[in-house]
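Everything below concerns the one structure shown next.
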Amino acid sequence: MPGSGLGMQSGWVRRWWREAVLALLLAGIAAALAGRIAEQRALSRFEAAVRVDARLREALLTSEVARFRLLPLALAADRDLDGALAGAVPARRALNQRLETLASTTGAAAIYVIGADGHAIAASNWRTAHSFVGMDYRFRRYFREATLDALATQFAMGTVSHKPGLYLSRRTARGGVIVVKLEFDQVERQWRGAGGITFADDDHGVILVTSRPDWRFRVTRPLGPTASARFRAEIQSGEESLAILPWAAAPRATGEARVTVPGQAGRLLWVRLPPSPSGWRLNLLRSSTTAVDDVVRLAALGAALAMLALYGTTLALRARGRRLAARTHELEAAVATRTAELRREIDERIASDARADLLREGLRQANRLATLGQVTASVAHETAQPVAAIRTYAANGERLLERGDAEQVRGNLQAIGRLASRIGEVTAALRGFARKGTGAIGPMPLAEAVDGARLILKERLSSVAFTASAIPPDLLALAGKVRLEQVLVNLLQNAIEALEGHAEPQLALTLDIDEDTVRVDIVDNGPGVDPGIAARIFTPFVTSRATGLGLGLVIALDIMTDMGGTLRLVPTAVGARFQIELQRAG
């Protein structure tokens, strides 16, 4: 019996061990499966977090570039810019000081203005030993493209500072080019602080902005010898540039890959975003060791202690989630701050432009009303004769009715109708000229504006020998009728006043048409424009007449610029010649 008791006990022990081993085996299998599932989920969450992180870093770069794109547009309307491009020394001195202040306020690396001949005439660093003033920039692509296409961008090394940066350029109305250079030191520092490796490359794979300075001007894919030589010459990056990055992998169709980078532990997840509107692509490399290897180790430990492994995995995932959330929050805060600053600057610029537009339109309206005041006497004379004739025809009509001569009465009434139409044409032209401009610019018959100006000044034009070229009725120009009439009235009236006291006053309006433009010249044989003020004739308060304010030509030039045209003083041996140039619309 005792023997049988020992046998039963040993059998129980054996069953217990079998069950324990089986339980441990099942627990290990369950832990391994749970670990595998946890690993896949961690990878998915990590990849999604890295994609969000990359988009935030891209937004930080985009907002930095957008903040500086407004500067060339704002400077294009600077009052000293035209004078500086025309060679006026005081205007260039004032422009240098304004560029220096703007660069200090906005944080731009450099702001400078290049003349039509390719040489810089003003710069924010004009006080320094390395001033850009006088330097030749004809070799720069951003100058050549802006000259042809109005706007251009180029990333390159500075020829003086030897620091890389993005150059934003814009052509001015007088053929000059405004250039703003921005450097990305602050953006690159924020990228480094956020962890991982971040870089932006262009459509050729050349790395331009990066948290790893030793990767700048390297490439993500090989370039041919011809393309490499062209880029080195254009970017001024040196013979050591354009080496391929130290790995041989490319992102999958999803924009992701896992690569091994020298000097970095483990494999890195490479996320490559689609190209931005500027053509740059943002790339982010983040190590997946912390996100994945910890899960694998915890899953292995879970083969023995399943619940502890699962609990540990949960803690690790939560800790990583908090770290990722903290980094994401920092980037979101930085982007939000930059975006708010940009929005404020844009709102201020829009409000400033709106105020400037209101002031300009008010000045134009005042100029039109002042012009109407000057021609009131001639208009009164123009309408007085038809009114007197109407009274005469009406009185004769009464007597003819008494005699019963209906045919003569009908003729008198028809004559009265024609005279009333003539008065209506004159007053309608004056009402249209006095109206506040709507700002609408579009194709319009050039003959209408010229006829309207001649009708308004009809009496004053009778005091000179006036001739005008025939204008085809179907000739269309891109303009606004009231605004173009205002320019023509100003120029014709100036010429008439200049001819006062001349023995044989002559005034002509000539027309020159080519495929894309139409030019109207106002030519007189008067004393001409004083050579001492000819270069500044379109500057406010500059005039050769004792009673003039010096604003009419300034307003006329502003109107022509708004309509996409030009107004210039053409040198001539006798008298004065002002030329209007408009885009042809038909």
Side-chain angles (χ1 to χ4, degrees), residues 69-70 72-79 81-83 85-86 113 116 145-152 169-178 349-350 352-354 356-365 367-368 432-433 435-450 452-453 471-472 474-491 509-522 537-540 551-570 577-586:
R69 287 192 185 278
L70 296 174
L73 178 62
L75 283 169
D78 191 275
R79 61 178 180 274
L81 182 61
D82 287 346
L85 288 170
V113 177
E145 290 185 358
T147 301
L148 295 175
D149 302 326
L151 296 173
S169 58
R170 182 184 185 90
R171 187 183 66 214
T172 70
R174 283 186 171 269
V177 174
I178 301 170
R349 171 53 55 188
I350 291 173
S352 176
D353 289 345
D357 288 342
L358 287 174
L359 288 174
R360 281 199 298 269
E361 184 54 36
L363 192 57
R364 296 169 188 165
Q365 179 71 2
N367 177 258
R368 285 197 293 270
F433 187 75
R435 280 200 307 269
K436 196 170 184 178
T438 62
I441 304 297
M444 61 152 292
L446 180 62
E448 289 187 5
V450 174
I471 301 176
D474 58 348
L475 177 60
L476 302 181
L478 195 62
K481 182 177 183 297
V482 174
R483 293 186 178 191
L484 185 54
E485 280 183 1
Q486 183 175 357
V487 174
L488 290 169
V489 168
N490 272 336
L491 296 178
L509 184 149
T510 63
L511 185 67
D512 184 19
I513 307 170
D514 59 25
E515 185 176 354
D516 299 319
T517 59
V518 56
R519 287 175 292 276
V520 179
D521 286 21
I522 308 298
I537 193 66
F538 294 104
T539 302
L551 292 177
L553 290 176
V554 178
I555 295 170
L557 177 60
D558 182 53
I559 292 172
M560 293 304 302
T561 302
D562 276 356
M563 294 191 299
T566 58
L567 171 62
R568 62 178 67 92
L569 173 64
V570 180
R577 176 187 291 266
F578 285 88
Q579 185 178 87
I580 295 171
E581 183 174 310
L582 291 165
Q583 297 181 36
R584 188 173 176 182

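Sequence positions, counted from 1, serve as the residue numbers for this chain. Quick caveat, the model's predicted, so the values are computed rather than measured.
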Looking at R519 and E581, would you say the former's side chain and the latter's main chain have a donor-acceptor pair under 3.5 Å? no

Which is it for I471 and V520 under the side-chain contact (heavy atoms from CB on, under 4.5 Å) test, yes or no, and what are the steps along the way? CA-CA 10 Å; I471 301 176; V520 179; 6.0 Å; no

Rounded distance (nearest 0.5 Å) linking atom CG of L567 with atom CD1 of I522: 10.0 Å

Give a yes or no answer on whether the side chain of Q583 reaches the backbone of G564 with a donor-acceptor pair at less than 3.5 Å. yes

Side-chain contact, heavy-atom cut-off 4.5 Å: Q579 with D512? no

Do you know the tightest heavy-atom contact between L484 and M560? CD1-SD, 4.5 Å

Run the numbers on L553 and N490 for side-chain contact (heavy atoms from CB on, under 4.5 Å), then give the verdict. CA-CA 8 Å; L553 290 176; N490 272 336; over 6 Å; no

Going through the distances and angles, do D514 and T517 end up as a side chain to side chain donor-acceptor pair (under 3.5 Å)? CA-CA 6 Å; D514 59 25; T517 59; 2.7 Å; yes

Taking all non-hydrogen atoms of both residues into account, name the closest pair between S169 and V177 and its distance. CB-CG1, 3.8 Å

Which distance, rounded to the nearest 0.5 Å, do you find between the CG of L81 and the CD1 of I178? 5.0 Å

Mind checking the CD1-CZ spacing from I537 to R568? Nearest 0.5 Å is all I need. 15.5 Å

Set out, in order, the CA-CA distance, both residues' side-chain angles and the distance that settles side-chain contact (heavy atoms from CB on, under 4.5 Å) for L511 and V450, then state yes or no. CA-CA 11 Å; L511 185 67; V450 174; over 6 Å; no

Least distance between heavy atoms, E145 atom then A152 atom: CB-CB, 3.6 Å

Contact summary for L476 and P443, nearest pair of heavy atoms: CD1-CB, 4.4 Å

For the student: nearest non-hydrogen atoms of L488 and A453, plus distance: CB-CB, 3.8 Å

Of the non-hydrogen atoms in I441 and G480, which two are nearest, and what is the gap between them? CD1-N, 3.9 Å

Separation between CZ of R483 and CE of M444, rounded to the nearest 0.5 Å: 13.0 Å

Report the distance from atom CZ of R584 to atom CG of L478, rounding to the nearest 0.5 Å. 13.0 Å

Could you tell me the separation between the CG atom of L582 and the CD1 atom of I513, rounded to the nearest 0.5 Å? 12.0 Å

Verdict with supporting geometry, T172 and V113, side-chain contact (heavy atoms from CB on, under 4.5 Å): CA-CA 10 Å; T172 70; V113 177; 5.7 Å; no

